[in-house]
Amino acid sequence: MIEITFPDGNSKKYKKGITAVEIAEQISPRLAKEVLAATVNGEPYDLNREITADGSIVLHKWEDDMGKHAFWHSSAHLMAGALEALYPGIKFGIGPAIENGFYYDVDPGEDRIITDSDLPAIENKMKEMASQNLTYSRKQISKKEAMELFSKKGDEYKTELIGELEDGTISLYTQGEFTDLCRGPHLLSTEPIKAIKLTSVAGAYWRGDEKRKMLTRIYGISFPKQKLLDEYLLFLEEAKRRDHRRIGKELELFTFSPNVGMGLPLWLPKGAAIRQTLIDFLTSILKKKGYKIVTTPHIGNVSLYKTSGHFEKYGKDSFQPISTPQEGEQFMLKPMNCPHHCEIYNATPHSYKDLPIKMAEFGTVYRYEQSGELHGLTRVRSFTQDDAHIYCRPDQLQEEFMSIVDDVLLIFRSLDFKEFSAQISLRDPENKEKYIGSEENWEKAEKAIVEAANKKGLQTTVELGEAAFYGPKLDFMVRDAIGRKWQLGTIQVDYNLPERFDLTYNGSDNQKHRPIMIHRAIFGSLERFVAVMIENNAGKFPLWLSPEKAVILPISEKFHDYSNNVLQILNNSDICTLIDERSEKIGKKIRDNELKRIPYLLIVGEKEAESGTVSVRKQGEGDKGTMKVEEFIDFIRSEMKKEIAY
RNA sequence: GCCUCUUUAGCUCAGCUGGUAGAGCAGCUCAUUCGUAAUGAGCAGGUCGUGGGUUCGAGUCCCAUGAGAGGCUCCA
């Protein structure tokens, strides 16, 4: 007998060699039907794999990520099986489960391409195979056997993978005619896979290396019920409606023109108003926090970036330097504000008593992002950072770092950003030559960040290899409408630029010392921040950020005079208000202005004109009753104040 | 940059296997003067992203190129 412990702490004895699905069966037949995968002693386990020793068990259903993972991973195998049936000789790369579904990288072979239009046929084949209730069976084999099997098949991708595996850990899974190299775990059979949708085809370099062959990646998603798939497709459609590119066009916030250049956003008046309001808001906080605003030019001498290291690191991927008519001087469009700020630091001598020095700038920078990478406002070639640099003493580093974390949290909170995650980005320990600076300083900087994040009680994930080339960082990430992650705020500790720019301060010992520099941005880029805000609020900006606060809707032409009086009073009170004088019925005016996401609709007819009032209707909520015009002004002002209370 | 797809009126899209463009919304005009998410009628709008080619004939097929989308790679 063996003893199995459940997540709730209870344990029970079973005969040796029992399987997870049998355990589930004993608990309830319904559970046995729903369970998709298991974890035994912390290790993913097939449901029908024999358990031979004491241990803990967790049974995973669809509702938990492990369950979904096994489901989608098995679906990837099912797709591979269908592909092999439809495209004999096709070769396979990797086919994992991902956050939303699965993909498989395949090499269809010379002169054969798979496009979107082939997906329905593959999908149908998958459905046909799934309905045959094929079982997934596991087989442990030796490295030599595995090599022979896949060499015979001529699948050089699989043999490459096998070459890197340790003998004794290699397993195969077979369902129907299809056998794949795989660690598992998998479902018992294809039976639970009821609904399948192949979503897209994309190119993907083998092993993510652009020097190697580009494989065809097929993305898909599957569900145990058709209803869940329908809901997912509906979610995707909803996400499309929230897409900031669509809303930006609809609400006339920003645009792009091929005549200006791809990736170079043009802010239309309403978008520019939002952007300016954000800048004003942030500036007021910066001033309270002891930052000084500086301004620097959009270009800088190439030598500046040679000093900073940016030229060596990114020079060939930047906009190429501009040459002046005389003397062969070369200037770069600035890709970063920090070198300029270091020069400002160096313009005056500093005592240890002056530190920390906090310099802030809404600095527009230019980066030559690859064309395929541009995306609306989230990835552009010209953007404005809410950039700041803190120059401090070593003994101030941790406190300053934590204080910036506070700033980020404060601002995210006042903007009602709840869904964000924090990521500590450290060096790739196996690729240290990618970075500049001494080992000792890197260790100090990485330690400072980890400690500060812990002290602040931040929930963080650690990503190796994600650091900037000059230092580690703490990044704040948010998701867009369809769940893609974007970096917003970032805090970076840097020992390197102070050295490269020979920044110093006089210490209490009257010796020169090196300050430490912290780079920080809270929004990251105003462009990306606005984009993420749009996707979060579907274009319904909070009142204080709305470019237009209210619109007056006269019931009929008879009330235009009164309406225009109100309009003037409101605009004079700095409440940006419009008027809709079209000869449309009130229902139509309400509908159109609701769709324009104007926060307040003020309906004005006979009653209002007689009593000096407006009938207030809040966007998305409906009728709020009538108010005197002055009352409305007070009301809207107090609403705005409430929104930006911090 | 690479892979696949898309590109038709201001916007959203139709246009089957080639026979020389169509709808809804927006706009304009007229009528209507109306009480909380679409009043009616009429008008006007496109050398079908651009440049070549095949063809008696190209929005439709082929090539090149611009732009956009989804990925890959990269992200100071």
Side-chain angles (χ1 to χ4, degrees), chain A residues 103 105 113-119 199-219 240 243 245-246 249-250 252 256-259 261-263 305 308-315 317-318 334-339 365 367-376 379 385 387 425 435-436 466-471 473 475 482 484 486-487 490 492 494 496-497 519 521 524 553-560 582-595 601-608 615-626:
Chain A
Y103 68 79
D105 284 346
I113 53 170
I114 298 174
T115 72
D116 293 339
S117 54
D118 300 316
L119 295 182
T199 46
S200 65
V201 179
Y205 298 109
W206 170 232
R207 317 208 84 179
D209 183 345
E210 62 185 312
K211 290 182 194 71
R212 306 196 64 175
K213 189 162 180 175
M214 182 161 274
L215 304 180
T216 305
R217 175 171 297 179
I218 304 174
Y219 284 92
K240 242 190 198 166
D243 190 313
R245 292 164 301 184
R246 185 191 179 104
K249 192 185 275 181
E250 212 180 306
E252 300 175 353
F256 292 89
S257 159
N259 300 322
M262 60 205 298
Y305 304 102
S308 71
H310 288 104
F311 186 79
E312 190 195 350
K313 195 79 189 168
Y314 294 105
D317 303 322
S318 296
K334 76 173 163 188
M336 282 301 288
N337 301 302
C338 29
V365 296
R367 298 178 183 179
Y368 189 81
E369 301 289 353
Q370 298 189 80
S371 61
E373 195 46 54
L374 298 173
H375 180 92
R379 180 65 113 259
Q385 294 179 313
D387 207 1
S425 303
Y435 308 95
I436 60 173
E466 292 291 309
F469 73 91
Y470 51 70
K473 50 185 187 161
D475 291 329
I482 59 168
R484 282 177 299 212
W486 296 99
Q487 178 201 308
T490 178
Q492 315 179 351
D494 183 0
N496 292 303
L497 285 190
H519 306 245
L553 312 181
I555 296 285
S556 80
E557 211 172 318
K558 284 186 242 164
F559 313 108
H560 281 187
R582 294 174 305 163
S583 74
E584 292 289 349
K585 289 168 84 168
I586 196 66
K588 169 74 165 166
K589 291 191 190 182
I590 288 169
R591 180 184 155 79
D592 287 351
N593 287 287
E594 283 273 346
L595 290 175
L601 311 189
L602 307 176
I603 292 142
V604 164
E606 193 168 358
K607 279 181 284 175
E608 289 77 14
S615 172
V616 179
R617 191 191 155 99
K618 189 169 180 186
Q619 204 273 345
E621 291 183 20
D623 199 352
K624 294 280 164 191
T626 54

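We name chains A, B, ... by the order of the sequence lines, and we start the count at 1 in each one.
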Using atom [atom1] in both nucleotides, what's the gap between [N] and [M] to the nearest angstrom?
N: B:G53; M: B:A14; atom1: P; answer: 30 Å
N: B:A37; M: B:C30; atom1: C1'; answer: 26 Å
N: B:C13; M: B:C72; atom1: C1'; answer: 31 Å
N: B:A69; M: B:U12; atom1: P; answer: 13 Å
N: B:G59; M: B:G49; atom1: C1'; answer: 12 Å
N: B:G46; M: B:C3; atom1: P; answer: 37 Å

Touch check for [X], heavy atoms < 4.0 angstrom, all strands: base, sugar-phosphate only, or nothing?
X: A:Glu608; result: base
X: A:Tyr219; result: sugar-phosphate
X: A:Gly625; result: nothing
X: A:Ile586; result: sugar-phosphate
X: A:Gly605; result: base
X: A:Lys249; result: sugar-phosphate
X: A:Arg217; result: sugar-phosphate

Listed partners of [X] passing side-chain contact (heavy atoms from CB on, under 4.5 Å), at least two apart:
X: A:Ile555; answer: A:Phe559, A:Ile586, A:Ile603
X: A:Glu466; answer: A:Gln423, A:Ser425, A:Glu463
X: A:Arg591; answer: A:Leu595
X: A:Glu594; answer: A:Ile590, A:Leu601, A:Arg617, A:Gln619

Any N/O pairs under 3.5 Å between the protein and nucleotides 74-76 of chain B? List them or say none.
{"from": "B:C75", "atom 1": "O2", "to": "A:Arg379", "atom 2": "NH1", "distance (Å)": "3.4"}
{"from": "B:C75", "atom 1": "O2", "to": "A:Arg379", "atom 2": "NH2", "distance (Å)": "2.2"}
{"from": "B:C75", "atom 1": "N3", "to": "A:Arg379", "atom 2": "NH2", "distance (Å)": "3.0"}
{"from": "B:A76", "atom 1": "OP2", "to": "A:Lys473", "atom 2": "NZ", "distance (Å)": "3.3"}

Checklist line | Selected nucleotide, minimal atom distance to A:His375 side chain, candidates B:G35, B:G70, B:A37 | finding: B:G70

Note to self: With a 3.5 Å cut-off and heavy atoms only, can you find an N or O donor on one side and an acceptor on the other between the side chain of A:Tyr205 and the base of B:G1?
What the structure shows: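 Between B:G1 and A:Tyr205, which were checked side chain against base, a qualifying N/O pair under 3.5 Å is present.
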
Notebook entry, point to check: Under a 4.5 Å cut-off applied to non-hydrogen side-chain atoms, are A:His519 and A:Lys473 in contact?
Noted result: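 Counting from C-beta outward, A:His519 and A:Lys473 never come under 4.5 Å.
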
Check: Can you tell if the side chain of A:Leu119 reaches within under 4.5 Å of the side chain of A:Ile218, non-hydrogen atoms only?
Finding: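 They are in side-chain contact.
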
Checklist line | Reported OG-to-CG distance for the pair A:Ser308 and A:Leu497, which is rounded to 0.5 angstrom | finding: 6.0 Å

Notebook entry, point to check: In chain order, what residues pass the ring-ring contact (aromatic ring centres under 6.0 Å, His included) check against A:Phe256, with sequence neighbours excluded?
Noted result: none

Next item on the list: Only counting residues at least two apart or in another chain, list the ones meeting ring-ring contact (aromatic ring centres under 6.0 Å, His included) with A:Tyr435.
Entry: A:Trp442

Note to self: Applying salt bridge (charged side-chain N to carboxylate O under 4.0 Å, His left out), can you list everything that pairs with A:Lys624, at least two apart in sequence or on another chain?
What the structure shows: A:Glu621

Next item on the list: Please list, chain by chain and in numerical order, all residues satisfying salt bridge (charged side-chain N to carboxylate O under 4.0 Å, His left out) with A:Glu250, sequence neighbours excluded.
Entry: A:Arg597

Using atom names, set out every protein N or O paired with an N or O of nucleotides 48-50 of chain B below 3.5 Å, distance rounded to 0.1 Å.
none

Note to self: Using O4'-C1'-N9-C4 for purines and O4'-C1'-N1-C2 for pyrimidines, with syn meaning within 90° of 0, is B:G18 syn or anti?
What the structure shows: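 Here B:G18 takes the anti form, which means its glycosidic angle is more than 90° from 0.
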
Show each protein N/O and nucleotides 3-7 of chain B N/O combination with a separation under 3.5 Å, one pair to a line.
{"from": "B:C3", "atom 1": "O2", "to": "A:Gly203", "atom 2": "N", "distance (Å)": "3.0"}

Notebook entry, point to check: Using a 3.5 Å cut-off on both pairing distances, which stems of three or more Watson-Crick or G-U pairs include RNA chain B?
Noted result: B:1-7 with B:66-72, B:10-13 with B:22-25, B:27-31 with B:39-43, B:49-53 with B:61-65

